[in-house]
Amino acid sequence: MDKMPKWADIVLIPVISLLLAAFFSSLVILAIGESPVEAFKLMVDGALMRSAGWGYTLYYATNFMFTGLAVAVAFHARLFNIGGEGQAMIAGLGVALVCLYIPWPHWSLAILGASVGAALFGALWALIPAYLQARRGSHIVITTIMFNFIAAALLNYVLVELLRPVGAMDPASAKFPAGTHLPTFQDMFSTESSKMFRGAPANVTFFLALAACVFVWLLIWRTRLGYEIRAFGQSETAAKYAGISPVRITVIAMLISGALAGMMAVNTTMGESERLILNATEGAGFIGIAVALMGRNHPLGVCVAAILFGFLYQGGAELALWTNIPRELIVVIQALVILFTGALDNMVREPIEKLFIAMRRRNA
Amino acid sequence: MEFLDIVQLLDTSIRLGTPLLFACLAGLFSERSGVVDIGLEGKMLIAAFFSAAAAFYTGNAWLGLLAGIAASMVLAVIHGLASITFRGNQLISGVAINFLAAGMTVLVAQSWFKQGGRTPPLTGNGRFGNVELPFAIGPTEAEAAGRPLSQMIGEAGPIQQLYSELISGHSILVYLGVLAVVATWWILFRTRFGLRLRAVGENPAAVDTAGVSVIQLRYAAVLICGVLCGLAGAYMATSLQAGFVKDMTAGRGFIALAALIFAKWRPVYAMWACLLFGFFQALETRPDLIEAVIGMKVQIQLLGALPYILTVVILAGFIGKAIPPKASAEPYIKER
Amino acid sequence: MTAPAIELKGISKAFGPVQANKDISISVQPGTIHGIIGENGAGKSTLMSILYGFYKADAGEIFIKGQKTQIPDSQHAIKAGIGMVFQHFKLVENFTVLENIILGAEDGAMLTTSLGKARKELKHLADEYGLNVDPDAVIENLSVGHQQRVEILKALYRKAEILILDEPTGVLTPAEADQLFRILDRLREEGKTIILITHKLREIMDTTDTVSVMRRGEMTATVKTSETSPEELAELMVGRKVLLRVDKVPATPGKTVLDVKGLRVVDEKGVERVKGIDLTVRAGEILGIAGVAGNGQSELLEVLGGFADGTGVITMNGTEIPLTGQGADGRARRDAGISHVPEDRQREGLIMEYSAWENTVFGYHRDKDHQSGILMDNAGIQAEAQEKMDRFDVRPPNPKLAAKNFSGGNQQKIVLAREIERNPDLLLIGQPTRGVDIGAIEFIHQQVVNLRDQGKAILLVSVELDEIMSLSDRIAVMFDGHIMGERDPAQTNERELGLLMAGITDTSAVTNGASEEALNDG
Amino acid sequence: EPALIFDLGGKFDKSFNEAAFGGATRWAEETGGTFREIELQSEAQREQALRRFAEAGANPIVMTGFAFGNVLSEVAPDYPDTKFAIIDMVVDQPNVRSVVFNEHEGSYLVGMMAAQASKSGTVGFIGGMDIPLIRKFACGYVQGVKAVNPDATVIQNMTGTTPAAWNDPVKGSELTKAQIAQGADVVYAAAGGTGVGVLQTAADENILSVGVDSNQNHLHSGKVLTSMMKRVDNAVYEAMTAGVDLETGFNVMGVANGGIDYAMDEHNASLVSADMKAKVDMAKDAIASGELAVHDYMSDNTCPVE
Ligand SMILES: Nc1ncnc2c1ncn2[C@@H]1O[C@H](COP(=O)(O)OP(=O)(O)OP(=O)(O)O)[C@@H](O)[C@H]1O
Ligand SMILES: Nc1ncnc2c1ncn2[C@@H]1O[C@H](COP(=O)(O)OP(=O)(O)OP(=O)(O)O)[C@@H](O)[C@H]1O
Ligand SMILES: [Mg+2]
Ligand SMILES: [Mg+2]
């Protein structure tokens, strides 16, 4: 017997948590002397009322879908991958190498190649922490954080010393050749008469992210591997009993997680900047944690949560454009969302559970 | 490499190790009680800001310290609510707290000082000065002699160098850090509170059925953690530095956690572990010495990544299996 | 008549949707031993935990010695003179005995004074009640029996007048249990009041003055022990007549299926748990392994089941099977025809969050017949699960329900259905009826016997001597990682087995007193 | 209405973004005008900010940082009626004014100053994040030091490899101490917020420091030898003053046209003797006239001296 209906668990509770987060965010906005209503209107106008706004919202959402899925897959194996940031950074390198050194005839082939490069490099960067966790019991939370720092240093080295064209100021690689340029939403959806998504960075990778959601759903709930990952995540002792090797699952789950996190580099590096830059990840790896949490580690939930966070990002940019609200406000809002949807989940859940049980008693 | 080089390197290690030490002891109290805290970083950061802000307004570093501790404790209470009262996921609560601190400090700093998320520089009593121990060569002696301090120390004998450079001349908070180690050890292993604290991190049900409140114990531990993080942050902003800049803790809270694992959750080991990690960071400031020892130039990027690489190596290789308190990260749930 | 030591009135308690206690009233006279029996999950532990302040009742009143008493937490219970020994001990494993005893009852803020005082007091209590334990020993190094003594000492140190024991004998040897009951007698003589929860009707009949029966959260009867019988109690518990013995024909063993030679197992801490044992199991017979928990039986099962490493030679149907590395995991064992019902169904045999149908292929999920293409054949598995659940009378027969939502007995049936339906050559089965009520025990035993009658080999591990005696065709007794001897169930008795379980092989020569000596030294 | 876009470091980076803000503020105060501004938080916003401002009618649009180069060359043609000014980068478009600075020249001058002020013959350089631009600073500085004292030692450290390196005063402080331990008695900080720690520690330890980008002499009066001034503020101020009539094209700001200079004021008057100043001014004139060419690290990714 469940304590409450499923819809309450996956819709009602997150919505209430979000409202709480919004309420406290409003207090913060009030405290710094701005109007929450105005701010909210600006965000909605800028992020959702124009096609270009959507173009940005979905661009960010693409990143968050990948990192959110990455965190979710690891979570199913009860592994806390805080290293999405570093994995995506290194994956960018994979994308850059593929794009720079292989002459691609057409973007459709290039995106496949770049995806392989991104996934491979991302997975590789997750491999060592995974192995250390599985074999030596080194806490994966700490090692993945350390690997974020190490990734930044490595990427910096590669960009400053190896990939930077001579004379360029930017610690960035050369522009990728034209054969690798991905069609943006503007290219895809604009007509002669009306330009849609003008200048927005959203591109075909978005559909790749949607595909990744489907892939993860199949993987987790329809394959043997997914069955084993979830089983291991629920009970390590039971997994051992069933002949599921903890080492193998830990490593595989982290490889998949790293590969997914890495895939976001296709969006940022190939789709947006079209060259490898230092700071392409911009914290998306961490946002993935919030996204996975809000999405209850389910691909559909991750997809919706990613769009919500994409909206927050784009809305935040609009705020920064037209008001004096510092950009850190968005960080605070993120924190509140994580706090209320994740850590303080029971604060909302328990009263609601009680409510449902009481209601059921009365009906019975 | 000369003797003085080593002394100086160790001197830097102590300075850089002290914030790690406070944070590490903070984590120790929290984890010994069964509450994992990856929000040390955030608590340090918010303490750094509020201590600097208060010290700026009052011109008194001690008042700054109090404000920093208070701010850190507010976040500690939030973590307590999430992980003790509402039995939520402690890692996630920690992540949220880190974000919250990163955002709030800059937001508030901007709203108060309009200097882009930093406080104005602290001067005079707004900072903790350095304590000169008796018989040590310090700035006073240098001024009297009218010569640079570094020269005078350079000419002194090795014992005097050790004493003046390494032992003397630190902020009072550094000495407080050493004291905190002793106090932690004593509280943990010699008092009733310590016994209960250790027990609640191993088996909260045992404590509960022995008639002691698990919730109160854990809150106490989390609050102590807040106080110590407050010290760590205040030390950084009002002693190591003269003011707050955004993100100034720069991952030290995480290094402290690694040190805690390395120290196997023991106070005295924690001190050595933090000194070691402080030493790694100190090495980074002396590429010349590394070059002299290994005989070749080290890439700056490698140098920068060194503390993190060494942390991983140590976690992976040198400690064997570190067994955390059994109930850590587990909320105490009686009724499912 | 004096005021009752304890009186509970109208106690109710719900855990979410589960009503664990429903309007329960009970009264216990001072200086008596009061038994409580009931099926698993009937709410016995819950009721006692409420009395001890561990849970808060939703409704009801508590009177201690006629005084209405509020017991919001254990501190208040201790103050009211109540002590409790829980089914799962509440000890801090890496603390010493002394530290565990003073925890929560320290004198003053400094430890040294508390420890000094407790050491003296402990010696005094040990002498008075024969409760010897080394005060400086670390709990995790003590045997279960000794750990239990520590729990009792904890209560006595806190000057408990009322002592609650929740299933104290489940983990003890018969001799240890006897000793425990002698201690309880002594306490009763001193005027202390004791509440004893147990599943074993014999213990109720032997030791208690009065007994209460619980069923489905309600108190169904309270009777004087002298005026009832085991049969009546069993019926009160389950609500129908129960067969207390297993029906079976003599075994007709065939060829050797499993042959174990010189098996050794070292656990994670480097302690040798199995110290070189030899055994064989033949087709069509049940080999029962008796022993007190923690003497290597679990490790034996784990190695055979493929999730712990060991050394030695094991042959299955004539071919040797690897004990370490590749090919020594649970999957390989299943391929070799070994099925395994693990001792701990909740931690090992099932994924509690998985639905029943997912659990019905747990461990066999990689089998070809559960796949369709690269995906799992979920529809097929569900249909099969429904059949299995119907055949094994799992209630409710809903494959979509999560395993955690089934009662213990039904969870066990799901595991059994999965393992038996595979038609294995060898079935490993550990504690098949632990936490299972009498009605379900009957069913499970019948299934095991049926499998044997189909000519399968069965290795049964249980700490319940009754179960071993009634199911097995041969009995081997394990103690301290060794097999102390093998007996024919028809030619042995509980007393003999009990001595073997305590490590005493020379069962004829040893006198009563000597064996207890041995036990005390532990 | 003009607009100003700050690079990722944020407008209060104690460096050129802050200087740009200073210039814009000066313009606003003097003319009573208002301007739009945004601090970027992600790479993708570069284009967004440019387009949004252009569409909203802001003109001219000023941006700081070489990282805008790529984007601007794509966006500028779409808004032919809008004028853009970019600092630290060259963008070849008809409606863009590109302003670049010869930081190596200014660094050369303060290097000379440092070498003259040093008693120990050892001076230090502390950079922020290890990127080519900062190496350009370092290389100019070393050349200046060696021009005065060929035997001088220059200790060089970079704070780090991530953007956090711009904001790690604690590390800046420790690096300073380490350099002091190695004998340095003048340190030049080109490290944004990290430099705050450098200047602070130098003052605490009683040695001299050299500020960067804007005039930082006042931060620790009497302890800061001079500052290498990169007059981003002037560039922004001029762009905003010119308004829609902004002259487009390539604009090098160097010692010659006062875009780069070293700071002299009451805070460091006591530290710089007439003799020292004369020597530096001579070099300044030589650079201005083209007689003296300071090597630019960016031109070939190498530095002739170390
Ligand atoms: N931890 C739990 N969470 C939710 N529901 C539970 C839990 N434990 C038990 N239940 C529910 O309570 C009911 C009663 O469980 P209980 O273990 O008391 O059964 P039982 O009387 O022992 O039955 P059986 O005879 O099958 O062992 C079960 O049907 C189950 O749905
Ligand atoms: N902490 C808890 N949270 C939720 N449900 C619980 C909890 N403890 C017990 N229950 C449920 O309450 C009911 C009564 O459990 P209780 O442990 O009191 O039974 P019991 O009679 O002691 O059984 P056993 O013989 O197995 O010890 C069961 O359905 C059980 O699942
Ligand atoms: Mg019970
Ligand atoms: Mg049951």
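Just so we're clear, the structure is a prediction, and the values are computed from it rather than from any experiment. So you know, we letter chains A, B, ... as the sequences are listed, proteins then strands, and number each from 1.
- With no hydrogens or angles considered, a side-chain donor-acceptor pair links C:Ser45 and C:Asp166 at under 3.5 Å.
- With a 4.5 Å cut-off on non-hydrogen atoms, C:Phe54 touches chain B through its backbone and its side chain both.
- No other option in C:Gln75, C:His88, C:Lys154 has as many heavy-atom pairs under 4.5 Å with chain B as C:Gln75.
- Salt bridge absent: B:Asp208 and C:Lys90 never bring a charged side-chain N and a carboxylate O closer than 4.0 Å.
- Checking each of B:Tyr175, B:Tyr235, B:Trp62 against B:Phe128 for a ring pair (Phe, Tyr, Trp, His ring centres under 6.0 Å) leaves exactly one that passes, namely B:Trp62.
- A perpendicular orientation is assigned to the rings of B:Phe277 and B:Phe280, their planes being inclined by more than 60° (bins at 30° and 60°).
- When heavy atoms are compared at a cutoff of 4.5 Å, B:Arg196 approaches chain C by way of both its backbone and its side chain.
- Highest contact tally toward chain C, considering only B:Arg192, B:Arg190, B:Lys326, is held by B:Arg192 [criterion: heavy-atom pairs under 4.5 Å].
- Residues B:Val222 and B:Ser30 approach most closely at CG2-OG, 4.3 Å, considering heavy atoms.
- Interface check for chain C: of the options B:Leu195, B:Val212, B:Asn203, the most heavy-atom pairs under 4.5 Å are formed by B:Leu195.
- Across B:Arg218, B:Arg32, B:Lys43, a single residue satisfies salt bridge (charged side-chain N to carboxylate O under 4.0 Å, His left out) together with B:Asp37, and that is B:Lys43.
- With a threshold of 4.5 angstrom between heavy atoms, C:Ile78 approaches chain B through side-chain atoms but not through N, CA, C or O.
- Most heavy-atom pairs under 4.5 Å with chain B: of the set C:Asn100, C:Thr112, C:Asn94, this distinction falls to C:Asn94.
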